[in-house]
Amino acid sequence: ESESSESESSESDIISRFQQYLKIKTNHPSPNYKQSSEFLISEANSLSLHSQTIELVPGKPLVLLKWVGTSPDLPAIMLYSHTDVVPAEHDKWDHPPFEAHLDSDGRIYARGSQDMKCVAMQYLEAVRKLKQWGFQPKRSIYLAFAPDEEIGGHDGAEKFSLSRVFQDLNVAIVLDEGLPSPDANYRAFYAEKSPWWLVIKAVGIPGHGAKLYDNSAMENLLKSIESIQRYRASQFDSIKAGLKAIGDVVSINTVFLKAGTPSPTGFVMNLQPSEAEAGFDIRVPPTVDTESLERRISEEWAPTWRNMSFTFKQKMYGRDASGKPAITKTDSSNPWWALLENAVQEAGGKLGKPEIFPASTDARYFRNLGFPAIGFSPIANTPDLLHDHNEFLHKDEYLKGIKIYESIIKAYASYDEHEIDERFKDEL
Ligand SMILES: CSCC[C@H](NC=O)C(=O)O
Ligand SMILES: [Zn+2]
Ligand SMILES: [Zn+2]
């Protein structure tokens, strides 16, 4: 009886630590990084982990923790997470997004419960358990808690990945976030799409709203939008037909439309405007022929002969320094992939087919520098509610994820290529 109440109380401690982190308002546009850093450092102290706060940009701290390995010269393991979260529309949630409400079913509602405060705390809880059991890592393990992923990572992962501090860590493998899986198989990502945020603008002759004439700004912009919608449908159709996965196609969505002549009661209704603009969030898989997409943009979607121009608010290429697609290998040339698959399996889970992440994560900065990076969040049987209202994680799924990380950290920190574990020999 005492045993069961003991394990119950430790489970509630684990959940309440998760809730504490979820309650810290690290939402944009002004994330409270001071509070999150203090919390993470106090967790580190309770685990006797060495901690360091790195402020590559003032007010944007990255907390770096270290568990020293017994063979500290072996390349290290990096357990990476971002501390910031996207904003939440409080009145559209069933439970306030920063109260981490645990409902009677066991669901924990909070902004960041899936993206990705869960992962951050699961790393720490797994380390706590491994330490309690007396496990000693062979490789050193770093835990990095970085700012600003949700706004592009420029003052976080980008600067960190290029810093002397990071280079000196001698990292072998980076683990970063993935996505929830609606079924029982976990999802794992070996690459990601690159963001192209495109704005196209049309100009044209203004005129009376009753007139029919060619080359108005609106007509020119709408022709582009029709063409973009056809392209979007062709990409989406190959997913709907089951021929391709979301990670393998170009996604393009219209995210703003800006046109018309404002009036006190809305817009002037009998005036065809001289300018019209639209914005698109495009995501480009790493192996797509970017030149042909660029040609499509300049020749079909924003051709100068139709009085159009375009700019990019963001444009990245998923390539490494040598120009090759920034892809982490999933074959036998990358032992970390097989180790992950095995470790997940030993903890009673299963990985689905390796995927390309449909959006952006900080992992791209490490992959572009040639480091292997795997996107993985141990969340199965859960709807993907990243950036959505009512983001939640069931406590049992959270607890299961800790076991998954215990297994991964054990396997990763023990892996020594000169002394291959017999169990994995076939797969490696
Ligand atoms: C391109 S920088 C923005 C990064 C952001 N990451 C997660 O959602 C994304 O929109 O993919
Ligand atoms: Zn995220
Ligand atoms: Zn996010």
Side-chain angles (χ1 to χ4, degrees), residues 47-50 64-81 119-120 122-144 161 166-178 186-191 326-355 362-363 366-367 369-378 400-428:
L47 292 165
S48 313
L49 294 175
H50 174 264
L64 183 65
L65 310 183
K66 182 178 189 180
W67 188 4
V68 185
T70 55
S71 302
D73 292 336
L74 286 176
I77 311 301
M78 165 74 75
L79 305 175
Y80 188 93
S81 66
V119 170
Q122 285 166 322
Y123 291 151
L124 287 166
E125 297 298 344
V127 167
R128 189 185 304 275
K129 276 274 149 50
L130 291 170
K131 284 205 158 204
Q132 278 168 9
W133 296 331
F135 173 77
Q136 286 197 310
K138 190 176 268 182
R139 291 176 191 261
S140 289
I141 297 166
Y142 292 98
L143 293 93
S161 68
F166 174 73
Q167 284 157 26
D168 288 348
L169 301 182
N170 189 20
V171 165
I173 172 76
V174 178
L175 282 189
D176 190 16
E177 67 191 309
Y186 293 110
R187 304 175 72 177
F189 300 86
Y190 63 96
I327 283 175
T328 295
K329 293 282 200 311
T330 59
D331 61 19
S332 58
S333 68
N334 174 13
W336 305 107
W337 197 275
L339 284 166
L340 182 81
E341 271 188 327
N342 278 297
V344 169
Q345 219 156 58
E346 285 197 9
K350 194 174 175 314
L351 287 191
K353 199 169 152 268
E355 294 178 73
D362 279 343
F366 303 104
R367 285 198 196 102
L369 292 174
F371 293 90
I374 300 176
F376 174 73
S377 300
K400 205 154 89 191
I402 296 170
K403 298 229 167 349
I404 300 280
Y405 278 127
E406 288 163 14
S407 178
I408 295 170
I409 295 170
K410 250 198 288 185
Y412 272 20
S414 309
Y415 174 63
D416 184 347
E417 55 218 314
H418 302 298
E419 183 197 295
I420 290 175
D421 190 318
E422 286 301 316
R423 286 172 301 168
F424 301 146
K425 218 167 184 174
D426 293 343
E427 278 113 311
L428 304 177

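Just so you know, these numbers come straight off a predicted model, no measurement behind them.
- Annotation: the span from Thr328 atom OG1 to Asn334 atom CG amounts to 7.0 Å, rounded to 0.5 Å.
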Please output the side-chain donor-acceptor pairs of residues 130-144 that fall under 3.5 Å, not counting sequence neighbours, one pair per line with the distance.
from	atom 1	to	atom 2	distance (Å)
Lys131	NZ	Leu47	O	2.9
Lys138	NZ	Glu419	OE1	3.3
Lys138	NZ	Glu419	OE2	3.1
Arg139	NE	Tyr415	O	2.7
Arg139	NH1	Pro75	O	2.8
Arg139	NH2	Tyr415	O	2.9
Ser140	OG	Gly69	N	3.0
Tyr142	OH	Lys66	NZ	3.3

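- Residues satisfying the side-chain contact (heavy atoms from CB on, under 4.5 Å) test with Leu369, not counting sequence neighbours, are Ser161, Leu162, Phe371.
- A donor-acceptor contact shorter than 3.5 Å is absent between the side chain of Ser377 and the backbone of Glu177.
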Notebook entry, point to check: Checking side chain to side chain contact (heavy atoms under 4.5 Å, CB included) for the pair Met78/Leu175: CA distance, chi angles, key distance, verdict?
Noted result: CA-CA 6 Å; Met78 165 74 75; Leu175 282 189; over 6 Å; no
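- A donor-acceptor distance shorter than 3.5 angstrom exists from the side chain of Tyr412 to the backbone of Trp336, with no hydrogens or angles considered.
- Ile374 CD1 to Leu339 CG: the interatomic distance, rounded to the nearest 0.5 Å, is 9.0 Å.
- With values rounded to the nearest 0.5 angstrom, Thr330 atom OG1 is found 12.0 Å from Glu355 atom CD.
- Phe366 meets the ring-ring contact (aromatic ring centres under 6.0 Å, His included) test with Tyr80, Phe166; sequence neighbours excluded.
- Applying side-chain contact (heavy atoms from CB on, under 4.5 Å) to Phe376 and the options Val119, Leu351, Asp176 leaves one that passes, Leu351.
- Take Asp168 and apply the salt bridge (Lys or Arg N to Asp or Glu O under 4.0 Å) test, not counting sequence neighbours, and it matches Arg164.
- In this structure, CG in Leu124 is found 6.5 Å from CG in Leu65, a value given to the nearest 0.5 Å.
- Taken from OG in Ser48 to CH2 in Trp67, the straight-line distance is 10.5 Å, to the nearest 0.5 Å.
- What you find for Ala126 and Ile409 is that their closest heavy atoms are CB-CD1, 3.9 Å.
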Next item on the list: Please test Tyr186 against Ile404 for side chain to side chain contact (heavy atoms under 4.5 Å, CB included), starting from the C-alpha separation and ending with a verdict.
Entry: CA-CA 11 Å; Tyr186 293 110; Ile404 300 280; 3.7 Å; yes
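- Sorted by first and then second residue, the salt bridge (Lys or Arg N to Asp or Glu O under 4.0 Å) pairs with a member in residues 405-415 form an empty list; sequence neighbours excluded.
- For the pair Pro372 and Lys329, the minimum side-chain heavy-atom distance is 4.5 Å or more.
- Atoms CD1 and CD1, from Ile408 and Ile77 in turn, are 11.0 Å apart once rounded to the nearest 0.5 Å.
- The salt bridge (Lys or Arg N to Asp or Glu O under 4.0 Å) test applied to Glu125 returns Arg17, Arg128, not counting sequence neighbours.
- Not one N or O on the side chain of Arg367 forms a donor-acceptor pair closer than 3.5 Å with the backbone of Ala326.
- In this structure Ser333 satisfies the side-chain hydrogen bond (donor to acceptor under 3.5 Å, both in side chains) test together with Asp331, sequence neighbours excluded.
- Checked by atom type and distance alone, the side chain of Asn342 pairs as donor or acceptor with a backbone atom of Ala338 at under 3.5 Å.
- Legend: residues meeting side-chain contact (heavy atoms from CB on, under 4.5 Å) with Ser81, ordered by chain and number and at least two apart, are Met116, Ala120, Tyr123, Phe145.
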